[in-house]
Amino acid sequence: GLCCPSRDPACISTGRRPDGSTGPCYCDQACVRTLDCCHDYGRTCPVIPCVVSQWSAWSGCAEPCGTAHRVRTRHVIQEPRNGAEPCPALQERAACVEYSTRQGTPCKHSLIPALITAGGFGKARKKRAAADGKESAGYCVEFQVVAPTPGCLRSHRPHTRWTRQLREGHTVCVECQHPALHARSQHCSGDGTGSKKNQLLHWQAVGNPRCKGTWRRIRQLDTCSCPSVHSFSFI
């Protein structure tokens, strides 16, 4: 009838062990790892998993007028017990760019060319733009990746795994849409407009400072239909 949280050598009983022998056996949740539980531990002290809340909404960018990060959090509703897996991370960060100051005025300086993020980011951005009445067709540009840094392939964080798709020789599709689409020029910074044929252009993956490189512009697609892989967005 004992069920002791964490590791507690004093939480001991005498009875049959899982291997059929008789003797001292433990009733603390560490016994699941040390394999010295009493035979009825699993039934008497069933595993109670960690339960966490839904993610909160993303915060605003930490800094205006430049690349920064945003944060979302969740909290523990039920702590894990009796040898259950530990709770997952309670905070996530993701890259973002803020195009206006904290007072709401447009940023006066331009961002470095070709800041890109995962293509999936654009789906949520389209919904916000439609709600604001700023929906624009935008366009896509195809590039051939020439020289990505090793940091693109070595990214293991959930929100930067998309950079693994930036491999040398691959053709990628990058979508330009509001708010990265400049109102006056109707172009995104770093899209290669006006560049010479085979000119090397620079790009930077937002959220993974170790992932950057060069690519060559292939063509612009006015009807944008980027594939599900090798698809990115100007930010």
Side-chain angles (χ1 to χ4, degrees), residues 3-7 28-30 32-33 45-107 109 111-112 114-135 149 151-166 174-175 177-181 188 203-212 228-229 231-235:
C3 288
C4 302
S6 189
R7 188 178 184 88
D28 63 333
Q29 64 185 33
V32 176
R33 297 192 305 273
C45 305
V47 169
I48 299 176
C50 175
V51 178
V52 295
S53 66
Q54 296 293 320
W55 287 109
S56 68
W58 284 104
S59 69
C61 278
E63 297 293 337
C65 298
T67 58
H69 68 271
R70 52 193 177 138
V71 178
R72 66 177 182 174
T73 59
R74 56 186 175 184
H75 62 273
V76 175
I77 298 175
Q78 177 177 275
E79 293 285 352
R81 291 175 56 191
N82 304 334
E85 292 294 323
C87 291
L90 300 178
Q91 185 185 87
E92 277 190 351
R93 290 190 175 196
C96 61
V97 175
E98 191 62 69
Y99 289 88
S100 60
T101 65
R102 300 193 191 284
Q103 290 72 37
T105 56
C107 299
H109 66 280
L111 301 170
I112 64 174
L115 287 171
I116 60 171
T117 188
F121 176 74
K123 295 179 180 179
R125 195 159 62 178
K126 282 180 179 178
K127 291 180 181 179
R128 290 197 301 271
D132 294 341
K134 299 176 181 178
E135 179 64 71
T149 56
C152 298
L153 297 179
R154 296 173 183 170
S155 181
H156 300 290
R157 295 181 178 178
H159 64 276
T160 57
R161 288 176 183 164
W162 59 272
T163 63
R164 298 181 190 176
Q165 301 179 43
L166 291 158
V174 188
E175 187 170 358
Q177 56 189 215
H178 176 83
L181 180 64
C188 287
W203 52 267
Q204 166 73 59
V206 176
N208 182 0
R210 297 182 179 180
C211 180
K212 52 189 174 182
S228 58
V229 294
S231 176
F232 308 97
S233 295
F234 291 106
I235 192 171

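Keep in mind that what you see is a predicted model, and the values were worked out from it rather than measured. When reading the values below, keep in mind they use all heavy atoms of this one structure, side chains included, and skip hydrogens, waters and symmetry mates.
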Heavy-atom closest pair (Leu166 atom, Cys152 atom, distance to 0.1 Å) is O-CB, 4.2 Å

Minimal heavy-atom distance between Gln165 and Ser231, with the atoms involved, is OE1-N, 4.0 Å

Roughly how far apart are Thr160 OG1 and Arg93 CZ, rounded to 0.5 Å? 13.5 Å

Test item: Arg74 side-chain N/O and Ala89 main-chain N/O as donor-acceptor pair under 3.5 Å: yes

Testing the basics here: between Phe234 and Ile116, what is the closest heavy-atom pair and its distance to 0.1 Å? CD2-CG2, 4.3 Å

Less than 4.5 Å apart, any side-chain heavy atom of Val32 and any of Val47? no

With heavy-atom distances below 4.5 Å as the criterion, would you say the side chains of Pro88 and Val52 are in contact? yes

Let me confirm one number: the CD-CD1 distance from Gln54 to Ile77, rounded to the nearest 0.5 Å. 8.0 Å

Drop me the distance from Glu92's CD to Arg70's CZ, to the nearest 0.5 angstrom. 10.0 Å

Looking at side-chain heavy atoms only, is the closest gap between Val174 and Trp203 below 4.5 Å? no

To check you understand the geometry: which heavy-atom pair defines the closest contact between Asp28 and Arg7, and what is its length? OD2-CA, 3.3 Å

Would you confirm whether Glu85, through its side chain, and Pro49, through its main-chain N or O, come within 3.5 Å as a donor-acceptor pair? no

Any heavy-atom pair between the side chains of Trp162 and Thr117 that's under 4.5 Å? yes

So which atom in Val76 and which in Cys50 form the shortest heavy-atom distance, rounded to 0.1 Å? CG1-SG, 4.4 Å

Does Arg164, at its CZ atom, have more than 12 non-hydrogen atoms belonging to other residues, nucleotides or ligands within less than 6.0 Å? yes

So how far is it from Ser233 OG to Gln177 CD, rounded to the nearest 0.5 Å? 5.0 Å

Between Thr73 and Val71, what is the shortest heavy-atom contact and its length? CG2-CG1, 4.1 Å

When rounded to the nearest 0.5 Å, the distance separating CZ of Arg81 from SG of Cys4 is 10.5 Å

Cys87 side chain near Pro80 side chain, heavy-atom distance below 4.5 Å: yes

If you round to the nearest 0.5 Å, how far is OG of Ser56 from CZ of Arg72? 8.0 Å

Look only at the side chain of Gln204 and the backbone of Cys211, and say whether a donor-acceptor pair between them is shorter than 3.5 Å. yes

